[in-house]
4 protein chains.
Amino acid sequence: MQKARTKDASAPVGRWGAREAGIIEVATRLFSDKGYDGVTMASVAHACGLSEGTLYNYFKDKSDLAVRASLVAFDAHADEAETIVAEATSLRTGLERLIALELTILLEARGMMRVWLREVRGAQDYPKSPARGVLRRFSGNLIQLFEKFGAFPDPKSGITFSLIRDIVFGSAEHVVWTAYVQGRLDSLDIDRLSRDLAAAYLRAFAIAPRKTRTRTNGKARTTRGAR
Amino acid sequence: MQKARTKDASAPVGRWGAREAGIIEVATRLFSDKGYDGVTMASVAHACGLSEGTLYNYFKDKSDLAVRASLVAFDAHADEAETIVAEATSLRTGLERLIALELTILLEARGMMRVWLREVRGAQDYPKSPARGVLRRFSGNLIQLFEKFGAFPDPKSGITFSLIRDIVFGSAEHVVWTAYVQGRLDSLDIDRLSRDLAAAYLRAFAIAPRKTRTRTNGKARTTRGAR
Amino acid sequence: MQKARTKDASAPVGRWGAREAGIIEVATRLFSDKGYDGVTMASVAHACGLSEGTLYNYFKDKSDLAVRASLVAFDAHADEAETIVAEATSLRTGLERLIALELTILLEARGMMRVWLREVRGAQDYPKSPARGVLRRFSGNLIQLFEKFGAFPDPKSGITFSLIRDIVFGSAEHVVWTAYVQGRLDSLDIDRLSRDLAAAYLRAFAIAPRKTRTRTNGKARTTRGAR
Amino acid sequence: MQKARTKDASAPVGRWGAREAGIIEVATRLFSDKGYDGVTMASVAHACGLSEGTLYNYFKDKSDLAVRASLVAFDAHADEAETIVAEATSLRTGLERLIALELTILLEARGMMRVWLREVRGAQDYPKSPARGVLRRFSGNLIQLFEKFGAFPDPKSGITFSLIRDIVFGSAEHVVWTAYVQGRLDSLDIDRLSRDLAAAYLRAFAIAPRKTRTRTNGKARTTRGAR
DNA sequence: AATGAATGAGCTTTCATTCAT
DNA sequence: AATGAATGAAAGCTCATTCAT
């Protein structure tokens, strides 16, 4: 799959990499706008100022291009998410920023998510490793945020980190989709939405501090402690 | 295939309806599995044991087939949802059952939702009335459930009914999708999941009784009753 | 080709003939409006209040229907032309009326002419006899009109009856077609056009009286002699 | 067929143009023989030794192919007509040559006229400019010929330039069509026919010199002035 | 005779992919 | 490496025709 990199590690790779990166950048924009089926290889080539055949020197086929573009996109997003978690000074603000990030991604790259889901997660035979890794890195940040602040859902509540992830990401997706379908994308107030959703989630996820963390006031303000 | 007009005079309609219903049933399964673009008219015809042209005796075009299939599916689901709301004795149990219904639908017809959104809601020229009506009837039930029990989100929380709908449906979709991708569909415990989610939502949606309702003891079992 | 007429010569034939005539009438209207390719057997059946299969009890196939309809139409037109010739009191007025008839036919049944040309005259294997006969009868009337008044083109002019027929019919066809394409059909003044064209033709066709007719003063003013 | 890009740098355009021209040539022949509906893209491709898809690299769709083929044909013809008018030394000889040209065109491309009328003049949305221009250039030459020699129909005769055009073109079309149907195409004597028709038309169109032209000796006899 | 659902060949068009240059 | 013309397998859809009832 991977295009045979030249033996020389220096410039050629860079050159080559630059060309590849350029294609991916263009393709990402197109996929985001029009979705997988709405993009033709010809349109990608044209937008790159290349010929169709050239694309096949860099990517095995259309699916490969989509997958690689997805990986790059998600990799970047995962980096942002990581930064958010690292810089977070409270669970609440961190959560707000993660939600805002997710909403922004969906807003800007609605189609890319579909591509990801369809081509990456959907393909059984695709080597899961890189995709898995990136996805894990991305959605894992949400969990790490909670762990960073020693916030764990009460086992009795049935809420798991996995469920939290589904709720946060699923809700965001549906919110954006609904807005899109109703033609309200422009009026989406991401900041406000993120705050409201974060607050709701913190109420929802019966959060309890974990013993490992030195929590003086332990049990009491679990929910509130999330502030 | 078989003409088989029964002797009974009213039968033809039934027969014809049966054929149509049969096609819709097959198409629903295919759309659910593969999505709109993944299904060809030829594949539907083949799966029905019919020729391609025959489909066009029953459905104007592919979009019409998808829309009609969606309507049938959602109509049935809307009926179920209505019953649930009507029979609900508490907000909590009603919510649990609505969530369970949604999870079940998604489990059985994952792709159909997409088809609906794409072909029905997306098509500007399609006579909105039936589609709109069905959709409203379906997703509206969630809201009606809350209203039935006089439960309204606190305006200060930023939570609206629209947001509630997005959270409930979006989360459900993502939960099922994740389970599907991870091959855990069979081990989904819908009942437990529904209970846990309902409980989380009731905590999340800062519910307050509404003054307009003359329910002297009102406040009592609204927010708290939801517990 | 001909549908097996029932043995009984009386009513059944009439009945059957009436049904057939009805179909032809409807088909003629449709062909005239939309042309051969613009008409589907289904549309004919629907317009007749019949089912598609029934048409095939009366007509071998679509071409047969078109041919038979053409024959009927041209037969009727030939009758009209015959009447015009029979009633004509002068070459000029007779010519005017024949031209007017031709223009009217083209105006009302533009598509039918095409059908005739395509399916009847174009088909090599179709038994030429009936079609040939009708056509001869129709276009032959123009020649008979000239003969009736002893008007024969001067052999030295190169003008033959065949050429006269081509000029008269060809011009009419082009006039109507041009008007149609330019959307001026409604403003066509058939009477005036017929008069002007007839006059022009009489100037054009160097007409000489034939000896057989006792018209002593014949030769001189050909144009005027045409009166 | 053969890729064969010549070494010459300017050649590619030529080559490409040659390929396109080759397709148009083949298509023109087919359209001429069978008419628009009688020609399938597959048949064109096959006749070119190309695959169907290839046609779409050169032409947007079937209509585009027909239109472009028409334009090429009419453009060439319009050039010829222009030359004839420019070189004409008398109305009579010019008219004879224009008629001969028209007869030749129809002989070679009977069906193309229909395609032109249907696809080019019939299409409202087609950029009228090139098509309009070519058509005007072509049929306008007939009128310009008359104007060149100061020959204008007598207003009282009802004959207009538009009608002259219809008569000349319509008659030619019908003459060729009749000959075709009767299998006499080979025996058409175009030169003689052109002379006879031109003479007839000059008798028919009550031609008068126009006052605007300073032709004091206009000498009255319009018919004769046309000589 | 009449029906009309079923057929299936055929149409136009798209597009991922290949390969000679 | 790059090109881009050529490919050909689908796709959605239409419609004349058939045939069991």
Side-chain angles (χ1 to χ4, degrees), chain A residues 3 6 12 15-16 19 37 39-46 49-65, chain B residues 1-7 12 15-16 19-20 37 39-45 48-65, chain C residues 3 6 12 15-16 19 37 39-46 49-65, chain D residues 1-7 12 15-16 19-20 37 39-45 48-65:
Chain A
K3 262 294 120 175
T6 16
R15 289 262 57 201
W16 195 86
R19 163 65 57 93
D37 287 315
V39 173
T40 66
M41 292 301 272
S43 69
V44 175
H46 181 79
L50 297 173
S51 72
E52 290 168 72
T54 304
L55 294 185
Y56 288 85
N57 286 336
Y58 296 91
F59 305 93
K60 179 175 148 284
D61 53 22
K62 188 182 180 183
S63 178
D64 185 41
L65 171 58
Chain B
M1 213 139 307
Q2 45 283 44
K3 200 59 158 316
R5 184 159 294 122
T6 20
K7 310 91 213 161
R15 285 270 63 190
W16 196 84
R19 163 61 55 90
E20 189 190 54
D37 288 316
V39 173
T40 68
M41 291 304 270
S43 70
V44 175
C48 290
L50 297 173
S51 74
E52 241 167 299
T54 302
L55 294 185
Y56 288 87
N57 286 337
Y58 295 91
F59 305 93
K60 185 174 140 287
D61 52 23
K62 188 182 180 183
S63 178
D64 185 41
L65 172 57
Chain C
K3 260 298 129 167
T6 19
R15 290 262 58 200
W16 195 86
R19 164 66 57 92
D37 288 315
V39 173
T40 65
M41 291 302 271
S43 70
V44 174
H46 181 79
L50 297 173
S51 72
E52 291 169 71
T54 304
L55 295 185
Y56 288 84
N57 286 335
Y58 294 92
F59 305 93
K60 181 173 146 285
D61 54 22
K62 188 182 179 183
S63 178
D64 185 40
L65 171 58
Chain D
M1 229 132 302
Q2 44 282 42
K3 202 61 159 313
R5 183 159 295 122
T6 21
K7 313 90 210 165
R15 283 272 63 186
W16 195 84
R19 163 61 54 88
E20 189 190 54
D37 288 315
V39 174
T40 68
M41 291 304 270
S43 70
V44 175
C48 292
L50 298 172
S51 74
E52 272 170 272
T54 303
L55 295 185
Y56 288 87
N57 286 338
Y58 294 91
F59 305 94
K60 187 175 139 287
D61 53 22
K62 187 183 179 183
S63 178
D64 186 41
L65 171 57

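Per chain, numbering begins at 1; letters A, B, ... match sequence-line order.
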**Q.** Interatomic distance, Arg19(A) atom CZ to Leu50(A) atom CG [nearest 0.5 angstrom]
**A.**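 One gets 5.0 Å once the value is rounded to the nearest 0.5 Å.
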
Q: Report the distance from atom CG of Asp61(B) to atom CZ of Phe59(B), rounding to the nearest 0.5 Å.
A: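 Between atom CG of Asp61(B) and atom CZ of Phe59(B) there are 11.0 Å.
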
To the nearest Å, give me how far apart [atom1] ([X]) and [atom2] ([N]) are.
X: Phe59(C); N: dA1(E); atom1: CZ; atom2: C1'; result: 15 Å
X: Lys60(D); N: dT12(E); atom1: NZ; atom2: C1'; result: 12 Å
X: Leu55(C); N: dC19(F); atom1: CG; atom2: C1'; result: 16 Å
X: His46(A); N: dT3(F); atom1: NE2; atom2: P; result: 13 Å
X: Asp64(C); N: dT17(F); atom1: CG; atom2: C1'; result: 14 Å
X: Glu20(D); N: dA5(F); atom1: CD; atom2: P; result: 11 Å

Q.
Between Tyr56(B) and dT14(F), is there a contact of a side-chain N or O with OP1 or OP2 at under 4.0 Å?
A.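 Looking at the OP1 and OP2 atoms of dT14(F), neither is under 4.0 Å from any side-chain N or O of Tyr56(B).
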
Q. Are OP1 or OP2 of dA1(E) and a side-chain N or O of Arg19(C) less than 4.0 angstrom apart?
A.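 No, outside the criterion.
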
Measuring from the side chain of [X] (C-beta onward, heavy atoms only), which nucleotide among [options] has the closest atom?
X: Met41(D); options: dG4(F), dC13(F), dT13(E); value: dT13(E)
X: Tyr58(A); options: dT3(E), dA2(F), dT13(E); value: dA2(F)
X: Asn57(D); options: dA5(F), dC13(F), dT3(F); value: dA5(F)
X: Lys62(A); options: dA2(E), dA16(E), dT7(F); value: dA16(E)
X: Ser51(D); options: dT7(F), dA2(E), dG4(F); value: dT7(F)
X: Thr54(B); options: dG4(E), dT7(E), dT3(F); value: dT7(E)

Q: Counting Watson-Crick and G-U wobble pairs whose two distances are both under 3.5 Å, find the runs of 3 or more in a row that involve DNA chain E.
A: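 The stems are E:2-21 with F:2-21.
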
(Q) Please give me the minimum heavy-atom distance between Thr40(B) and Ser43(B), naming the atom from each residue. (A)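 Looking at all heavy atoms of both residues, the shortest contact is O-OG, 2.6 Å.
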
Q: Return the minimal non-hydrogen interatomic distance between Leu65(A) and Met41(A), and the atom names on each side.
A: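 In terms of heavy atoms, the two residues are closest at CD2-SD, 4.2 Å.
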
Q: Please confirm whether any donor atom in the side chain of Glu52(A) sits under 3.5 Å from an acceptor in the base of dC15(E), or the reverse.
A: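 Under the 3.5 Å cut-off, the side chain and the base do not form any donor-acceptor pair.
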
Q. Looking across every strand, which nucleic acid part, if any, lies under 4.0 Å from Val44(B) by heavy atom: base, sugar-phosphate, or nothing?
A.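 The answer is nothing, as Val44(B) stays clear of every strand by at least 4.0 Å.
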
Q) Looking for any heavy atom pair under 4.0 Å, which part of the strands does Thr40(B) touch: base, sugar-phosphate only, or nothing? A)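 Sugar-phosphate only.
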
Q: With DNA chain F as reference, determine whether Gly49(A) or Gly53(B) sits nearer its 5' end, using the nearest nucleotide of each.
A: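 Its nucleotide being nearer the 5' end, the pick is Gly49(A).
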
Q) Closest nucleotide of DNA chain F for Val39(B) versus for Asp61(C): which of these residues is on the 5' side? A)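 Its nearest nucleotide being more 5', the pick is Val39(B).
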
Q) Of Ala42(D) and Leu50(C), whose nearest nucleotide on DNA chain E comes first from the 5' end? A)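 Whichever sits nearer the 5' end wins; that is Leu50(C).
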
